[in-house]
Amino acid sequence: MPVPLLLGCIADDFTGATDLANTLVKGGMTAVQVIGVPEGALPEADAVIVALKSRTAPAAEAVAESLAACEALLAAGARQIFFKYCSTFDSTDQGNIGPVADALARRLGCGFALACPAFPTNGRTVYQGHLFVGSALLNESGMENHPLTPMRDANLVRVLGRQTDGAVGLVPFAVVEQGPAAIRQAMTRLKEGGRRYAILDAVTDAHLLAIGEAAEHHALITGGSGVAMGLPANFRRAGLLPERGAAAAALPPMRGAAAVVAGSCSRATLGQIGFARGHVPVLELDPLETPDAAALAAQALGWAEGRLGAAPIVIAASAPPEKVAALQAKLGREAAGTLIETALAAVAEGLVARGAGRLVVAGGETSGAVVQRLGIRSLRIGPEIDPGVPWTYAEPAGLHLALKSGNFGARDFFLKAFEGAAA
Ligand code: ADP
């Protein structure tokens, strides 16, 4: 029997989309992340998450892409639309959270939507409309210096208010504490009072679950992945979503050789490479010595010959800060990044051509380059390896991919990922 689409999601960046998909799968929904505005039929799943790169695009472009994604999700039967943005509310006074939410609300004919970026597990909480990162207000958290979206005001009622032509209200902590019925009432009052949005306070996961329940009948929900935690239960309560349990994370069987391609220079990834060195073959590329993408890739693929198999091999360009600085001084920052990304994408492609069927890619930008080179259109989300990093099944390539943001994962991540996986 075909699986009807329940939740249609639009995420303003790639890793944010995976984070949301992972949350929904843990809640018992099947989820597929689609890369870019979907063309043609959508994959079958309880939730489809369209991953855009619209966070820092010009507002008009972000609006147009989000509306196109929304159209595709509605055409596939989505019953509710979720607009996912960063838990630090990354945006500027020009957008893009306000303009995209405005356009989606207009398209969906809803006069009101909640806005809640809280993600207590990661230290993002909202109190009296103010966003905290750990114990610091957003504007004192380092985010005030973000190169693209500096956040210099922690008061989200004001921040969102500057980005929308609608009015913004607040459902404060004291109401959220009282649970779904009180939250629903407060939102109705705000809507009747002419507010288009409400920032919702949330300090704990219990708050997020209550907010999710209160938004059961909303056409549009906006927020971080945290507020999506409560949504699978709504669909179950309505009899639309069967109890899937762990089956929600089921992927086709793993096959093929195992490999790790690392381009992240984050501390966690460097630690993971160090740990792997004692256990499996590790090749560390030297781009200072060989500043040529094709030559680096050829070196790596030559080394992999005869080593590829059921136990993982690790190919890394990752380097400590002084080596990164040296390459950047030689080539320029951007060219250095592009060199490595191009080389590692070619390595991934070569490994797949030589029989690799399960790949871990370390680094956000590196993952983007690999996904693009392999021509991947969608990722079905599977079981979580470490918090925030699930195995996925990539199509049309037909292979298993784990795309690890640089700082994620425990020290043994590169081994743990392949434990219990068949060759
Ligand atoms: P993270 O998720 O840790 O931020 P990314 O892949 O997003 O990782 O970013 C790491 C960047 O560093 C990429 O652009 C990559 O090409 C670049 N890089 C990797 N190794 C080196 C190196 N040895 N010297 C300079 N830059 C590097």
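All residue numbers refer to positions in the sequence shown, counting from 1. Model, not experiment: these values are computed from the prediction.
The main-chain N or O of Cys265 is never found under 3.5 Å from a side-chain atom of Thr269 such that the two would form a donor-acceptor pair. Side chain of Asn234 to backbone of Gly212: a donor-acceptor contact under 3.5 angstrom is found. Thr204 contributes a side-chain N or O that, together with a main-chain N or O of His207, makes up a donor-acceptor pair within less than 3.5 Å. Side chain of Ser405 to backbone of Phe408: no donor-acceptor contact under 3.5 angstrom is found. With hydrogens and angles disregarded, no donor-acceptor distance shorter than 3.5 Å links the side chain of Gln272 to the backbone of Ala362. When atom types are taken as modelled, the side chain of Asn155 and the backbone of Arg158 share a donor-acceptor pair closer than 3.5 angstrom. A donor-acceptor pair under 3.5 Å links the side-chain atoms of His146 to the main chain of Thr149, judged by distance alone.
Applying the side chain to side chain donor-acceptor pair (under 3.5 Å) criterion to Ser91, with sequence neighbours excluded, gives Gln163.
Atoms OG1 and CG, on Thr392 and Leu401 in that order, are 5.0 Å from each other to the nearest 0.5 Å. Considering NE2 of His400 and CZ of Arg358, their distance stands at 9.5 Å, rounded to 0.5 Å. Rounding to the nearest 0.5 Å gives a distance of 11.0 Å between CD of Gln33 and CD1 of Ile376. From Ile81, atom CD1 reaches atom CG of Leu7 across 7.5 Å, with rounding to the nearest 0.5 Å.
Among pairs with a residue in residues 217-235, none fulfils salt bridge (Lys or Arg N to Asp or Glu O under 4.0 Å), at least two apart in sequence or across chains.
Residue Glu322 places its CD atom among more than 12 non-hydrogen atoms of other residues, nucleotides or ligands, all under 6.0 Å distant.
At a threshold of 4.0 Å, the pair Glu144-Arg152 does not count as salt-bridged, since none of the basic side-chain nitrogens sits closer than that to a carboxylate oxygen. Electrostatic pairing of Arg237 and Glu216 counts as a salt bridge here, judged by a charged N lying under 4.0 Å from a carboxylate O. Using a 4.0 Å cut-off between a side-chain N of Lys or Arg and a carboxylate O of Asp or Glu, Asp386 and Lys404 do not qualify as a salt bridge. Look at Asp13 and Lys84 and you find no salt bridge, because none of the NZ, NE, NH1 or NH2 atoms lies under 4.0 Å from a carboxylate O. Note on Lys26 versus Glu384: salt bridge recorded, some NZ/NE/NH1/NH2 to OD/OE distance being below 4.0 Å.
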Under 3.5 Å donor-acceptor pairs involving side-chain atoms of residues 106-122, not counting sequence neighbours:
unit_1	atom_1	unit_2	atom_2	d
Arg107	NE	Glu71	OE1	3.3
Arg107	NE	Glu71	OE2	2.6
Arg107	NH2	Glu71	OE1	2.9

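Looking at Leu170 and Gln128, their side chains come closer than 4.5 Å, going by heavy atoms from C-beta outward. Two residues are said to be in side-chain contact when any heavy atoms from C-beta on lie closer than 4.5 Å; His130 and Phe132 meet this criterion.
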Derivation of the side-chain contact (heavy atoms from CB on, under 4.5 Å) call for Val48 and Leu5: CA-CA 7 Å; Val48 169; Leu5 178 61; 3.8 Å; yes
Apply side-chain hydrogen bond (donor to acceptor under 3.5 Å, both in side chains) to residues Asp102 and Thr164 and explain how you reach the verdict. CA-CA 7 Å; Asp102 284 347; Thr164 165; 2.9 Å; yes
Would you please test Asn96 and Ser54 for side-chain hydrogen bond (donor to acceptor under 3.5 Å, both in side chains) and show each step? CA-CA 8 Å; Asn96 290 334; Ser54 55; 5.9 Å; no
From CA spacing to verdict: side-chain hydrogen bond (donor to acceptor under 3.5 Å, both in side chains), Gln80, His218: CA-CA 7 Å; Gln80 188 169 51; His218 288 196; over 6 Å; no
Are Asp165 and Arg196 close enough, and set up right, to give a salt bridge (charged side-chain N to carboxylate O under 4.0 Å, His left out), and what steps lead you there? CA-CA 9 Å; Asp165 49 22; Arg196 189 184 301 158; 2.8 Å; yes
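Between His279 and Phe275, the ring planes are parallel. Angles under 30° get that label, and only those over 60° would be called perpendicular.
Of all heavy-atom pairs spanning Leu399 and Gly357, the tightest one is CB-O, 3.5 Å.
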